[in-house]
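As structure tokens, the structure follows; a few thoughts come after it.
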Amino acid sequence: MSTGTFTPAPARAPMRAILRSQIRMELVLTARRGEAVVLAMGVPLLVLLGAGLTDVTTVPGDDRLAFVVPGVLALTVMSTAFTGQAITTGYERSYGVLKRLGASPLTRPGLLLAKTAAVLALIVVQLLVLAGVGAAVGWRPDAGQLLPALGVTVLATAAYSGLALLLASVLKPETTTGAATLIYVLMLAAGGIMFTTPDVAVVLPLAAHAEALRATLSHGTGVPAADWLSLAAWAVVCVTAAVKKMRWE
């Protein structure tokens with residue numbers, strides 16, 4: 001064939017390119033919901049200032065901020081990766097957005113990965129803002145423990161993202177909204193954010209994540225093995241269930 005002759009080569013794009021495109025789209029859609037991003041930080045910020053600077057609750061130790069701020073960071077991860085994402089994805093399925101994605105080369109694991117990666121990028125920004133507020137009012141985190149803190153945060157994000165997609169796939173959008181909000185409230189009450197909880201509460205992802213962030217960022221120690229196991233188990237179970245049960249329509 002002579003040089004310069006057009007040769008069609010129809011084929012599916014590499015999965016890497018597909019994922020990059022989907023992550024970019026998820027980030028753009030998230031940026032367009034700026035008010036939702038701000039609202040997702042509203043409750044955690046109120047908890048940080050209310051429980052961290054006043055005596056409205058009883059916390060262990062003399063340093064209230066060392067207990068409250070990591071809990072607020074964990075709460076923000078749940079609010080964004082689970083509650084917000086479950087509601088958004090539920091309506092995306094209702095409006096036919098996921099149905100159209102299902103006709104593309106994007107796979108179900110690919111969608112989960114793209115949504116988790118996009119929401120993780122948003123969470124990093126939110127956590128930096130809230131950590132900055134915490135530092136401004138007196139919290140002194142240990143910068144040497146950022147890597148393990150990031151590790152448990154990635155696990156928590158994966159767990160919440162999987163659970164969000166699972167709910168959005170098996171429930172109607174209105175039911176998803178109610179269920180996600182109820183779970184959020186129950187986690188807030190039992191997750192050890194504003195006050196101490198029994199040791200068995202570590203089975204909850206919010207409690208395990210908050211405890212892990214306190215150990216690393218506030219106390220400069222390693223993540224307790226029980227917290228690693230709890231978050232890893234939640235991540236594996238929720239992601240696996242989401243991949244198997246997720247519906248495009």
Side-chain angles (χ1 to χ4, degrees), residues 12-13 15-16 18-27 29-30 33 36 40 74-123 151-188 190-191 202-209 227-249:
R12 190 179 75 170
M15 184 54 66
R16 185 182 305 173
I18 294 173
L19 289 176
R20 280 201 304 265
S21 177
Q22 185 63 27
I23 291 171
R24 183 165 57 249
M25 187 184 77
E26 294 289 346
L27 287 172
L29 292 176
T30 299
R33 298 192 297 266
L75 180 65
T76 302
V77 173
M78 186 184 73
S79 177
T80 301
F82 170 64
T83 312
Q85 187 160 217
I87 295 171
T88 299
T89 305
Y91 280 101
E92 284 179 348
R93 184 165 69 86
S94 175
Y95 296 151
V97 175
L98 296 188
K99 181 179 180 180
R100 288 172 172 79
L101 288 176
S104 73
L106 184 68
T107 62
R108 288 185 292 181
L111 177 63
L112 178 58
L113 179 59
K115 283 187 171 292
T116 301
V119 82
L120 183 61
L122 171 61
I123 284 170
V152 293
T153 298
V154 170
L155 277 179
T157 301
Y160 291 134
S161 187
L163 184 57
L165 288 182
L166 177 62
L167 285 182
S169 294
V170 301
L171 300 177
K172 294 180 178 180
E174 298 80 6
T175 309
T176 299
T177 299
T181 303
L182 177 61
I183 292 173
Y184 178 87
V185 172
L186 293 176
M187 286 280 193
L188 177 60
V202 74
V203 299
L204 300 176
L206 180 59
H209 190 201
D227 297 333
W228 279 119
L229 291 173
S230 177
L231 291 171
W234 276 97
V236 170
V237 170
C238 291
V239 169
T240 301
V243 170
K244 290 184 175 180
K245 297 292 185 180
M246 201 202 81
R247 294 185 297 165
W248 296 107
E249 55 181 311

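What you see below is based on every heavy atom in this structure, not just the backbone, and it leaves out hydrogens, waters and symmetry mates.
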Checklist entry - Could you go step by step and tell me if H209 and T153 meet the side-chain contact (heavy atoms from CB on, under 4.5 Å) rule? => result CA-CA 7 Å; H209 190 201; T153 298; 3.1 Å; yes

Next on the checklist: Set out, in order, the CA-CA distance, both residues' side-chain angles and the distance that settles side-chain contact (heavy atoms from CB on, under 4.5 Å) for I18 and T107, then state yes or no.
Outcome noted: CA-CA 10 Å; I18 294 173; T107 62; over 6 Å; no

Can you give me the closest heavy-atom contact between [X] and [Y], atom names plus distance?
X	Y	answer
M187	L206	O-CD2, 3.3 Å
A168	T176	CA-OG1, 3.9 Å
Y95	R100	O-NH1, 4.0 Å
P205	Y160	C-OH, 3.5 Å

Please tabulate, one pair per line, all N/O donor-acceptor pairs under 3.5 Å involving side-chain atoms of residues 231-247, not counting sequence neighbours.
from, atom 1, to, atom 2, distance (Å)
W234, NE1, V203, O, 2.6
T240, OG1, V236, O, 2.7
R247, NE, S169, O, 2.8
R247, NH2, S169, O, 2.7

Next on the checklist: Going by the rule side-chain contact (heavy atoms from CB on, under 4.5 Å), which residues pair with K99 if we only count those two or more places apart in sequence or in a different chain?
Outcome noted: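 Residues passing side-chain contact (heavy atoms from CB on, under 4.5 Å) with K99: E249.
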
Checklist entry - Should I123 and T157 be marked as a side-chain contact (heavy atoms from CB on, under 4.5 Å) after you check the CA-CA gap, both sets of side-chain angles, and the distance that decides it? => result CA-CA 9 Å; I123 284 170; T157 301; 3.7 Å; yes

Gap separating the [atom1] atom of [X] from the [atom2] atom of [Y], nearest 0.5 angstrom:
X	Y	atom1	atom2	result
Y91	K172	OH	NZ	12.0 Å
T181	I87	OG1	CD1	4.5 Å
R93	L165	CZ	CG	11.0 Å

Checklist entry - After noting the C-alpha distance and the side-chain angles of L75 and Y184, does the key distance pass the side-chain contact (heavy atoms from CB on, under 4.5 Å) rule? => result CA-CA 9 Å; L75 180 65; Y184 178 87; 3.9 Å; yes

Side chains of residues 110-122: which donor-acceptor pairs under 3.5 Å do they make with residues two or more places apart or in other chains?
from, atom 1, to, atom 2, distance (Å)
K115, NZ, E26, OE1, 3.3
K115, NZ, E26, OE2, 3.4
K115, NZ, E92, OE1, 2.9
T116, OG1, L112, O, 2.8
T116, OG1, S161, OG, 2.8

